[in-house]
Amino acid sequence: MITEIAPTAEPVVTRPARPGKRRRAWDEVPRWQIYLPLGIYLLFTLVPFYWILLFAVRPAGSTSLLPWPATSEHFQKVWTERSFGTYFTNSVYVGVATLVLTTVVALAGGYALARFDFRLKRGFMLALLCSQFVPGALLLVPLFQIFANLRMINSLGSVVVAETVFQLPLSMILISGFIRNVPYSLEEAAWVDGCNRLTAFRIVVLPMLRPGLVAVGSFAFVHAWNHFLFALMFLSDQSKQTIPVGLNTLMSSDSVDLGALAAGGIIAAVPVVIVFAFIQKWLITGFSAGAVKG
Amino acid sequence: MAQAAAVANPPAPPRRRRTSATPRRLPYLLIAPAALLMLGFIAYPVLSVFYYSLQNYNPTKPWRNGFAGLGNFTQAFAHDPQFWDTLTFSAKWVVVEVGLQLLFGLALALIVNQTFVGRALGRALVFSPWAVSGVLTSAIWVLLYNSQTGITRYLADAGIGSYGTSWLSDTSTVFPAAVVADLWRGVPFFAILILADLQSVSKDLYEAAEVDGASRLKQFLHITLPHLKDAIVLSTLLRAVWEFNNVDLLYTLTGGGPAGETTTLPLYIANTSVDAHNFGYASALTTVAFVILLFCSVVYLRLSKFGGEAK
């Protein structure tokens, strides 16, 4: 981060000494036109985060606007009394299982789309695109019936399968794009050296896919971690529920315990923030290659 | 075509042919898991929705079940004011949300695309609500809008609004309140996508425009905007579909209330099927929603001449 800022910092500091001519054309925006709107928008972005942090750590009944003296009472309460400990475990299970299943299935399908020309390919690609218009929320009833027939209602497996299915199309399109970026000649060279297709894939292609797989996997995890409706509909036991459902329960009770709600919200946010910090750089530079341009 | 299956295969030595024994079937084996999952859990449910839309189907009233023809559809269009209300609200919600998200997202992307001190940190902070879930967004804004301890109290101290107003339970304030909450996490989506595309504009174009004496506004209108067009069309479309379908935020923030004021069509469908068990009718409404989405998407892509013009 620091290294990125350093070279560009210089012209700003020395600005009065230098006439505009030496600076680059696209760099000629007055500073206040950047910092003023950015500052106002950051206020809008950060005050809500500050607010939830404030409610999570200040003692019940306090109206202080500063987050200290901090207390962990809300966290302890929500973790044990409100079962967020259980929800957390369930959410981690759903998130990780969705990540693994989505990545493996999408990797196989993405490889086929990138490396072979087969009869059903166009139809399959079309189906992938069309599925983007199918709203999971509107398929709740038939999905519920299917999982009931499979005796998967009230098991975390139903949520994992449902999340995976709706993650697959985009993941597969993205991964096939990443695989196309790996030169086919590298794989061919490995075959000539006596590798079979699987070994060549493992040794040559897989290492080069790592950044892309991290991104796709992170998306799948975050999506499954955040998503609410499938867990709400398919899991009836309280011991099976996930964090978003727990948050909703906290919100929909008659007298909302704001401290507990805030602490629960922080617990819900932590893994997502970690993942986000992890993939943020890829997000900005990589989207133009993958998601937008197809 | 079948012979072309492994089209990119070089003339293979016999040994390798044995190891990848079935080059013709291999691609099908590879897409089979994905295809089966999507057939079973997307295609089949969609078909069953179409089927049930023509049926009276309510598990709690089995004596009335049976073929309904177009009865569910005439019921919706002719006799159900709630259908029209929720459809209108959905349209309003999508247009306002997507429009404002695009406007603010574009402005933010242009700002953080400049070179300035603290840019990396600024970007990270601006984009941070992107990954926050709908339910967590609701939780945060419930805390903010709370009439006793929320930010609204402090706004009232400063002379904005009045004390004791609960913004989410007042019919006159609930719409802007919900819009702002959804903007909070929706704007970064556009900002990220547009920023990614901004980075691929050739700097030479701006330098040339500068030499020709074009103002910054002109540069924006004639270089930046045409370059961004395809990305904007595609992201607004995806976002519109997403905003139409997504029920997490409104379900948890307002529950569709007060007095049904913020019930979208998908929320109404969920209530019809889950609470009222009227699966046949809910399926018909779902079918209508599909058709509307598909129709609007096609019209939008046609009108915007997506991908048609040279940049």
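These values consider heavy atoms only, across backbone and side chains, with no hydrogens, waters or symmetry-generated copies. Letters go in sequence order (proteins before strands), and every chain restarts at 1.
Other residues, nucleotides and ligands contribute at most 12 non-hydrogen atoms within 6.0 Å of the OH atom of Y44(B). In this structure, F50(B) places its CZ atom where more than 12 heavy-atom neighbours from other residues, nucleotides or ligands lie under 6.0 Å away.
Proximity to chain B (any heavy atom under 4.5 Å) is shown, for T45(A), by both the backbone and the side chain. Contact of N246(B) with chain A is not made at all, since no heavy-atom distance falls under 4.5 Å. For I34(A), the parts sitting under 4.5 Å from any heavy atom of chain B are the backbone and the side chain alike. The parts of V126(B) that come within reach of chain A are both its backbone and its side chain, each placing non-hydrogen atoms under 4.5 angstrom from that chain. Neither the backbone nor the side chain of Y145(B) comes within contact range of chain A; no heavy atom of the residue lies under 4.5 Å from a heavy atom of that chain.
Looking at N226(A), its side chain does come within 3.5 Å of a backbone N or O of A131(B) through a donor-acceptor pair.
For F41(B) and F147(A), the ring centers sit closer than 6.0 Å to each other. Ring centers of W184(B) and F49(A): under 6.0 Å apart, within the cut-off.
Every pair passing side chain to side chain donor-acceptor pair (under 3.5 Å) that includes a residue from residues 131-140 of chain B is listed here, sequence neighbours excluded: S138(B)-T252(B).
For S235(B), the side-chain contact (heavy atoms from CB on, under 4.5 Å) partners are F189(B), F190(B), L193(B), not counting sequence neighbours.
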**Message:** side chain to side chain contact (heavy atoms under 4.5 Å, CB included) for V272(A) and L136(B)? Distances and angles first, verdict last.
**Reply:** CA-CA 11 Å; V272(A) 172; L136(B) 181 52; over 6 Å; no
**Request:** Tell me, with the steps shown, if M251(A) and V135(B) meet side chain to side chain contact (heavy atoms under 4.5 Å, CB included).
**Result:** CA-CA 9 Å; M251(A) 262 187 286; V135(B) 185; 3.9 Å; yes
**Message:** Run the side chain to side chain contact (heavy atoms under 4.5 Å, CB included) test on V141(A) and Y52(B) for me, step by step, so that the C-alpha distance in whole Å, both residues' side-chain angles and the decisive distance to 0.1 Å come before the verdict.
**Reply:** CA-CA 11 Å; V141(A) 172; Y52(B) 281 121; over 6 Å; no
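Side-chain contact check for I31(B) versus K121(A): every heavy-atom pair is 4.5 Å or farther apart.
For the set Y35(A), W225(A), F144(A), F166(A), the entry with the most heavy-atom pairs within less than 4.5 Å of chain B is Y35(A). With chain A as the partner, the residue from V132(B), I140(B), L144(B), V112(B) showing the most heavy-atom pairs under 4.5 Å is L144(B). Counting heavy-atom pairs closer than 4.5 Å to chain A, the top residue among V241(B), I42(B), I269(B) is I42(B). Between chain B and the options S252(A), S131(A), A108(A), A112(A), the largest number of non-hydrogen pairs under 4.5 Å is found for A108(A).
Between Y41(A) and F104(B), the two ring planes are tilted [angle within 30° to 60°]. In this structure, F228(A) and Y251(B) have tilted ring planes: the angle between them lies in the 30° to 60° band.
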